[in-house]
There are 2 protein chains.
Amino acid sequence: MLTIEMTTNSTNTGRPDPTPVFISEASGLRMATFRLARRLRAQRAVDSMSDGQFAVLAALAIHGEHTLGRLAERERVTAPSMNRTVSLLEDAGYLTRTPHEDDRRKVTIALTDAGRAVVDETVRRRDAWLEEALEGLSPIERETLAAAAEIMRKVAER
Amino acid sequence: MLTIEMTTNSTNTGRPDPTPVFISEASGLRMATFRLARRLRAQRAVDSMSDGQFAVLAALAIHGEHTLGRLAERERVTAPSMNRTVSLLEDAGYLTRTPHEDDRRKVTIALTDAGRAVVDETVRRRDAWLEEALEGLSPIERETLAAAAEIMRKVAER
DNA sequence: TATTGTTATACTCTATAACTATA
DNA sequence: TATAGTTATAGAGTATAACAATA
């Protein structure tokens with residue numbers, strides 16, 4: 001895989017840019033992705049819940065119960081940080097911490113019904129907001145977005 | 001022909017879904033947008049800088065100098081929060097705080113060359129990462145993403 | 001001895017309330 | 001009196017270091 005040197009910014013030294021069209025594509029997609037993500041993130045079930053807290057609940061909803069260490073690893077924070085977040089969510093009644101069956105050093109962290117409800121309601125609001133927006137588009141535009149979503153997932157996973 | 005991968009809600013209660021295709025489109029786009037945004041956000045010039053700090057520098061780079069209040073308003077945080085972030089960025093040499101010309105209660109906050117360099121380098125890295133990913137795609141896939149970016153911006157602005 | 005989780009401590013980022021300076 | 005910014009204080013979220021329990 002070859003590396004491309006990009007010079008799109010305002011500190012351009014004057015050297016001509018070899019691939020102007022591709023650069024424009026990347027910048028446009030980057031900005032559009034950030035703006036749409038920001039709008040979607042604003043749609044929440046519990047307004048006082050931070051993104052980090054919600055991400056933990058969402059991970060448990062999608063991937064099932066975790067040990068503390070695996071949860072910290074998945075969210076890319078340290079174990080003490082995750083321990084603190086988990087404690088707050090436990091106090092709020094959104095998840096439970098139970099001793100692991102086999103290895104008693106570990107704990108099993110799982111969603112409660114209340115925690116699952118928060119995830120479901122947040123997902124519902126975000127999708128409802130987006131759905132309403134999609135309804136204002138043409139069929140071709142919607143097909144373009146659906147196809148783009150597949151490609152974006154592929155790109156994000158590389 | 002593109003197949004949309006269904007990612008139904010695992011807590012579906014059995015209630016019939018009135019618009020399964022549209023919801024699938026929305027869910028797919030929502031998840032793809034969040035994942036790509038997360039990957040892009042990880043590409044930074046200064047690794048220790050928080051998203052909030054970088055957002056301030058980016059706002060100054062895009063929209064020019066601000067008073068403290070306008071900057072807080074734009075980033076949707078309180079004036080004391082923004083004041084603290086601005087103080088840290090000022091200490092780090094990324095922006096300057098100067099008295100306002102007309103109204104001496106106000107301060108004018110502007111990027112330094114170092115601050116602009118951080119913004120430029122971060123943008124460069126994100127676009128370079130994305131550009132490399134785009135190179136692995138077909139021309140049609142790239143066209144789809146370029147068209148989708150336009151639509152996503154339109155959707156985000158509604 | 002190594003691993004898993006937790007506690008101790010510290011710094012950033014957020015907020016609300018109170019204060020200073022200026023209009 | 002109202003506005004712009006700042007300071008005081010507190011809670012959330014992050015980290016590293018040290019500790020306890022278990023394998």
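In what follows, chains carry the letters A, B, and so on, assigned in the order in which the sequence lines appear, proteins first and then strands, with residues in each chain numbered from 1.
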*Asks:* Please state whether the phosphate of D:dA15, meaning OP1 or OP2, lies under 4.0 angstrom from any side-chain nitrogen or oxygen of A:Thr78.
*Replies:* yes
*Asks:* Applying a 4.0 Å non-hydrogen cut-off, can you work out what A:Asp103 is touching in the nucleic acid: base, sugar-phosphate, or nothing?
*Replies:* sugar-phosphate
*Asks:* I need the CG-P distance between B:Leu88 and D:dT6, as an integer number of Å.
*Replies:* 13 Å
*Asks:* Counting N and O atoms only, with roles assigned by atom type, does the side chain of A:Arg97 sit under 3.5 Å from a partner on the main chain of A:Val107, one being a donor and the other an acceptor?
*Replies:* no
*Asks:* Assign B:Ser87 to base, sugar-phosphate, or nothing according to its heavy-atom contacts below 4.0 angstrom with the strands shown.
*Replies:* nothing
*Asks:* Quick one: label B:Asp51 by what it contacts on the DNA or RNA (base, sugar-phosphate, nothing), any heavy atom closer than 4.0 Å.
*Replies:* nothing
*Asks:* Give me the atom names and distance for the closest heavy-atom approach of B:Asp127 to A:Ser27.
*Replies:* OD2-OG, 2.5 Å
*Asks:* Closer than 4.0 Å, any side-chain N/O of B:Asn83 to the OP1 or OP2 of D:dG5?
*Replies:* no
*Asks:* C:dA15 P sits how many Å from B:Glu73 CD, rounded?
*Replies:* 14 Å
*Asks:* Main chain of B:Arg44, side chain of B:Arg125: is a donor-acceptor contact present, judged purely on distance under 3.5 Å?
*Replies:* yes
*Asks:* Could you check how far CD of B:Glu75 sits from P of C:dC13, rounded to whole Å?
*Replies:* 13 Å
*Asks:* Return yes if the base of D:dT3 and the side-chain atoms of B:Arg105 contain a donor-acceptor N/O pair under 3.5 Å, otherwise no.
*Replies:* yes
*Asks:* So, does A:Thr67 use its side chain to make a donor-acceptor pair with the main chain of A:Thr108 at under 3.5 Å?
*Replies:* no
*Asks:* May I ask you to evaluate whether A:Ser50 reaches the phosphate of D:dG13, defined as a side-chain N or O under 4.0 Å from OP1 or OP2?
*Replies:* yes
*Asks:* Just compare C:dT6, C:dA17, C:dT14 and give me whichever is closest to any side-chain atom of A:Leu68.
*Replies:* C:dT6
*Asks:* Look at the side chain of A:Arg126 and the backbone N and O of A:Leu40, then say whether any donor-acceptor pair between them is shorter than 3.5 Å.
*Replies:* yes
*Asks:* Between D:dT14, C:dT12, D:dA4, which nucleotide gets closest to the side-chain atoms of A:Thr85?
*Replies:* D:dT14
*Asks:* Could you check whether B:Gly52 gets within reach of a base, just the sugar-phosphate, or nothing at all, counting any heavy atom under 4.0 Å?
*Replies:* nothing
*Asks:* Whole-Å distance between D:dA4 C1' and B:Leu71 CG?
*Replies:* 14 Å
*Asks:* Between atom NZ in A:Lys106 and atom P in C:dA2, what is the gap in whole Å?
*Replies:* 18 Å
*Asks:* Counting the atoms with a prime plus P, OP1 and OP2 as sugar-phosphate, which does A:Arg70 contact under 4.0 Å by heavy atoms, base, sugar-phosphate, or nothing?
*Replies:* nothing
*Asks:* B:Ser81 side chain N/O closer than 4.0 Å to the phosphate oxygens (OP1, OP2) of C:dC13?
*Replies:* no
*Asks:* What contact category does A:Arg84 fall into here, base, sugar-phosphate, or nothing, at under 4.0 angstrom with non-hydrogen atoms?
*Replies:* base
*Asks:* By nearest heavy atom, map B:Ala79 and A:Asp102 onto DNA chain D; which one lands nearer the 5' end?
*Replies:* B:Ala79
*Asks:* Would you say C:dG5 has OP1 or OP2 under 4.0 Å from some side-chain N or O of A:Arg97?
*Replies:* no
*Asks:* Does B:Ala156 offer a backbone N or O that forms a donor-acceptor pair with the side chain of A:Arg39 under 3.5 Å?
*Replies:* yes
*Asks:* Below the 4.0 Å mark, does D:dG13 have OP1 or OP2 next to a side-chain nitrogen or oxygen of A:Gln53?
*Replies:* yes
*Asks:* Rounding to an integer number of Å, can you tell me how far B:Asp91 CG sits from C:dC13 P?
*Replies:* 12 Å
*Asks:* Without decimals, in angstroms, what is the distance between A:Asp47 CG and C:dT14 C1'?
*Replies:* 14 Å
